[in-house]
There are 2 protein chains.
Amino acid sequence: MAYRRTERVIRRLAARREDILAAARDAVAEGGMAAVQIVPVAERAGIAAGTVYRYFPSKTELVNELVEQACAREVETMRRAAEAAPGPLSAIAAAVAALGQRALQNRKLAWALIGEPADTETGAVRHACRAALAGEFGRLIRTAAAAGLLPAEQSPAVTAPALVGAMIEGLIGPLAPEIESNPARQREAVQSLTLLVLRALGVADARARGLVVQIALPAVTEGAA
Amino acid sequence: MAYRRTERVIRRLAARREDILAAARDAVAEGGMAAVQIVPVAERAGIAAGTVYRYFPSKTELVNELVEQACAREVETMRRAAEAAPGPLSAIAAAVAALGQRALQNRKLAWALIGEPADTETGAVRHACRAALAGEFGRLIRTAAAAGLLPAEQSPAVTAPALVGAMIEGLIGPLAPEIESNPARQREAVQSLTLLVLRALGVADARARGLVVQIALPAVTEGAA
DNA sequence: GCAAAGCGTGAACGACGATTCACGCCAGTG
DNA sequence: CACTGGCGTGAATCGTCGTTCACGCTTTGC
């Protein structure tokens, strides 16, 4: 044998791989999914087009990994926020607020990754992502319902996806008012949305119960794009 | 002069134009936005590819018109359902139900036209479409709020888009349960969603008030694809 | 220092799909 | 009925990417 990957090389390769993913992420954040093109992404990463294919078998795979990564991060954010909450209801509130907060931090990115579609292949991954979000959310709903905190008539199979849709559309969808750069209005929007979701689930007096205040602004600082 | 369009010819041209739009619509319903390709659409319409360009300056224009048409139809459906309702609250319920009902009738089509994105050009039109839906919906909310039937704290600018999102995602989004062919379950899903929306707006006891029953199944028979 | 094995390169290739256009055909005109 | 001009055609054209690959350069092992 005459060649074996050194620790140093392995590290370099891994770093390069991350660079590519980061470049792709940046591209998405700037120009949406359509902006993820091999040559531009490669340039952004400071490498040649062909090199991308040393790390990813195809563009589809690259995009898939991007979406999966982002999705996992969101689900994790949600889960953590919920776990840190003192009870099932505030867990829901916290989850919504955390997700909303993050989404607002980079609306275009979030929208592109979760909302905007791509080829059929990628569609499956995105579907899995939404399903994961809805699933996690459904779990929170069921927990609260089981604890008698929500009207029992809930059908999480319908409400969870619908509310995920409400969050997506309400905050990051193309409809959302332009609040990108205004922290105060962002906070406001997230709160409105949180209240909306709670009401939708049958919690009429969330504000009175102080469910909103305690989740007002979960510091989300990790993993900046 | 040696040529002037006869009434008959004008009619034929208009019909052809509609044929093209219909063919495009069918294509969308079958394979999503991606399936709207000039040659296949032309074949479907029984004409040559080049002919499409006698009627539409570009594919983008064709798609735009398709989306606008569909959008206008939906907004109109919503408005009419609301107007026929006996009061502001049932107007909201009726609007949601009517929209949901129609969307379910051809989920793939609805999703492709409203949910699934396309190129930047088309994005603008779709944005306008969603905005129109949200606007109409916002109007209903404001009316109800003004009548003191909803908590005054509503901020339609946030809730209307969010609830449009909830409807889209909950019923026709990729996550929605597969209920295409089961009328009973469709009815159920629409009702759940209607209740969800009403609750989200602060109406806790919609069912008790009989708001749901009266909109149970607005016969939507007009304009089949 | 030398051979072996990856790694990086970027021009070239291929697929796909929108758009064009030179040519017949048919309907309207007088 | 002959003539005119728009309509329909569909093969060819053009652009836009994703993907490949033959060729150096770099790193590793001895």
Sequence-distant partners of [X], salt bridge (Lys or Arg N to Asp or Glu O under 4.0 Å), two or more places apart:
X: A/Glu65; answer: A/Arg17
X: B/Arg12; answer: none
X: B/Arg16; answer: none

Point to revise | Qualifying residues under side-chain hydrogen bond (donor to acceptor under 3.5 Å, both in side chains), relative to A/Arg5, sequence neighbours excluded | key: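 Expected list: none.
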
Report the distance from atom [atom1] of [X] to atom [atom2] of [N], rounded to the nearest whole Å.
X: A/Tyr53; N: D/dG18; atom1: OH; atom2: P; result: 6 Å
X: A/Arg11; N: D/dT27; atom1: CZ; atom2: C1'; result: 16 Å
X: A/Arg8; N: D/dT27; atom1: CZ; atom2: P; result: 6 Å
X: A/Glu43; N: C/dA11; atom1: CD; atom2: C1'; result: 14 Å

Check your understanding: Salt-bridged, A/Arg139 to A/Glu136, with N to O below 4.0 Å?
Key ->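 Between A/Glu136 and A/Arg139 there is a salt bridge, with a charged N closer than 4.0 Å to a carboxylate O.
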
Check your understanding: Which residue pairs pass the side-chain hydrogen bond (donor to acceptor under 3.5 Å, both in side chains) test with at least one member in residues 39-59 of chain B, sequence neighbours excluded?
Key ->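 Only B/Glu30-B/Arg44 qualify under side-chain hydrogen bond (donor to acceptor under 3.5 Å, both in side chains).
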
Exercise for review: Could you encode protein contacts along nucleotides 6-17 of chain D as a string, one character per nucleotide from 5' to 3', using B for base contact, S for sugar-phosphate-only contact and - for no contact, with a heavy-atom cut-off of under 4.0 Å?
Suggested key: SBBBB------S

